[in-house]
Amino acid sequence: STTSRSSGRWRPRAAPPPRASPAGRAALDLVIAAVGRSRDPLTDPLVEDYVRRCPWPIRLVEVQPRGNVAPEQRKDVEAGLLRGVVPPGAAVVALDERGRDRSSDEFASQLGGWRDGGRRTVAFLIGGPDGLAPSVLAAADASLAFGRSTWPHRLVRVMLAEQLYRATTILAGHPYH
């Protein structure tokens, strides 16, 4: 089951039309695919604020396994759900505590490289409580960590949305960063 969130309302949502980036180049479509549903009254508005401010379209897709899934099968079931929402041809970034820790400038440079190399979409995958399946980590184009600490998934969504917004400002030469 998948849903998208926009302006606090939950509903299935098609990909938004392409927008131009502030520098006049085509914008990347950004997808944040996360296991689990967030209904956090403190962090959800922060994610929504950065999504609204970002000049590139960001779509949050939440997936949730249906029914009871045995713990030893959970990551594989979640992996299938996450793979199912990644648009064809998208660059895939796995958020993982063992991923590469990038500065904001390095993160922006990676996004700019994908954009300038002809990619139209980048999908960021946030796993469930047990993390991402090894198959997802192995197939990802890149991995990303926000330091060596383990973060609550609802905070990872906020940090990722903020870094996506910041990356667009860096690429546009805006003084925000």
Side-chain angles (χ1 to χ4, degrees), residues 2-38 40 43-63 82-96 99-127 132 136 139-147 151 153-177:
T2 62
T3 56
S4 294
R5 182 167 50 87
S6 175
S7 303
R9 293 182 294 269
W10 296 86
R11 64 182 187 267
R13 185 172 155 198
R19 292 189 276 183
S21 68
R25 295 181 177 162
L28 283 172
D29 290 329
L30 304 171
V31 176
I32 300 173
V35 173
R37 304 213 190 291
S38 178
D40 190 304
T43 59
D44 287 356
L46 295 172
V47 172
E48 290 171 7
D49 182 54
Y50 286 114
V51 167
R52 180 186 52 75
R53 292 166 60 186
C54 187
W56 293 358
I58 300 175
R59 186 168 50 107
L60 175 63
V61 182
E62 296 177 321
V63 297
L82 288 169
R83 276 193 290 273
V85 299
V86 173
V92 175
V93 180
L95 276 86
D96 183 71
R100 184 167 169 217
D101 191 13
R102 290 175 173 84
S103 71
S104 296
D105 286 327
E106 291 170 328
F107 182 62
S109 178
Q110 177 69 72
L111 291 175
W114 280 323
R115 177 201 60 198
D116 297 345
R119 292 282 183 129
R120 290 195 27 84
T121 307
V122 180
F124 297 87
L125 307 183
I126 302 172
L132 293 166
V136 171
D141 295 289
S143 63
L144 176 64
F146 291 123
W151 295 96
H153 291 200
R154 65 182 183 234
L155 291 181
V156 168
R157 293 175 187 212
V158 174
M159 293 188 298
L160 178 57
E162 190 281 336
Q163 284 298 295
L164 291 169
Y165 171 66
R166 184 180 297 268
T168 63
T169 65
I170 291 169
L171 292 170
H174 190 275
Y176 170 76
H177 68 282

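Quantities reported herein were computed from a predicted structural model and do not represent experimental measurements.
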**Q** If I take atom CZ from residue R52 and atom OH from residue Y165, how far apart are they, to the nearest 0.5 angstrom?
**A**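 Separation between the atoms: 9.0 Å.
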
**Q** So, for W114 and A142, which heavy atoms are closest and what is the spacing to 0.1 Å?
**A**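 The answer is CH2-CB, 4.0 Å.
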
**Q** Knowing that exactly one of R120, R119, R59 qualifies, which makes a salt bridge (Lys or Arg N to Asp or Glu O under 4.0 Å) with D29?
**A**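 The single option meeting the salt bridge (Lys or Arg N to Asp or Glu O under 4.0 Å) with D29 is R120.
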
**Q** To the nearest 0.5 Å, what is the distance between CZ (F124) and CD1 (I58)?
**A** 8.5 Å

**Q** Which residue in the set L30, L155, L60, I32 passes side chain to side chain contact (heavy atoms under 4.5 Å, CB included) when paired with L160?
**A** I32

**Q** Could you give me the CA-CA distance, side-chain angles and deciding distance for L111 and L164, then say whether side-chain contact (heavy atoms from CB on, under 4.5 Å) is met?
**A** CA-CA 9 Å; L111 291 175; L164 291 169; 3.9 Å; yes

**Q** Does any part of the side chain of Q163, heavy atoms only, come nearer than 4.5 Å to the side chain of R102, both counted from C-beta?
**A**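 When only atoms from C-beta onward are counted, Q163 and R102 do not touch, as no gap falls below 4.5 Å.
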
**Q** Would you call V122 and W56 a side-chain contact if the rule is heavy atoms closer than 4.5 Å?
**A** no

**Q** What closest approach, in Å, do T168 and P55 show between heavy atoms, and which atom pair accounts for it?
**A**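 For T168 and P55, the tightest heavy-atom pair comes out as OG1-CD, 3.3 Å.
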
**Q** Can you tell me how far the CZ atom of R166 sits from the CE atom of M159, to the nearest 0.5 Å?
**A**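 Answer for the CZ-CE pair, R166 versus M159, is 12.5 Å.
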
**Q** My understanding is that only residues two or more places apart in sequence, or in another chain, count here; which of them pass side chain to side chain donor-acceptor pair (under 3.5 Å) with R154?
**A**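 Here the qualifying residues are D40.
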
**Q** Supply the atom-to-atom distance I170 CD1 to S103 OG, rounded to the nearest 0.5 angstrom.
**A**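 Reported value, rounded in 0.5 Å steps: 7.5 Å.
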
**Q** Taking the side chain as everything from C-beta on, heavy atoms only, tell me whether R115 gets closer than 4.5 Å to L171.
**A**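 When only atoms from C-beta onward are counted, L171 and R115 do touch, with a gap below 4.5 Å.
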
**Q** Ignoring hydrogens, what is the shortest heavy-atom contact between F107 and L144? Give both atom names and the distance.
**A**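 Nearest pair, atom of F107 first, then L144: CE1-CD2, 3.8 Å.
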
**Q** Once rounded to the nearest 0.5 Å, what's the spacing between atom SG of C54 and atom CG of D49?
**A**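 Reported to 0.5 Å precision, the distance equals 11.5 Å.
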
**Q** When the side chains of residues 84-96 are checked against the rest of the protein, which donor-acceptor pairs come out under 3.5 Å, sequence neighbours left out?
**A**
| residue | atom | partner | partner atom | Å |
| --- | --- | --- | --- | --- |
| D96 | OD1 | R98 | NH2 | 3.2 |
| D96 | OD2 | R98 | N | 2.9 |

**Q** If you round to the nearest 0.5 Å, how far is CG of D44 from CZ of R37?
**A**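 These two atoms lie 12.5 Å from each other.
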
**Q** Between T43 and R157, is there a side-chain heavy-atom distance shorter than 4.5 Å?
**A**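 The answer is no, as the side chains (C-beta and beyond) never meet within the 4.5 Å cut-off.
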
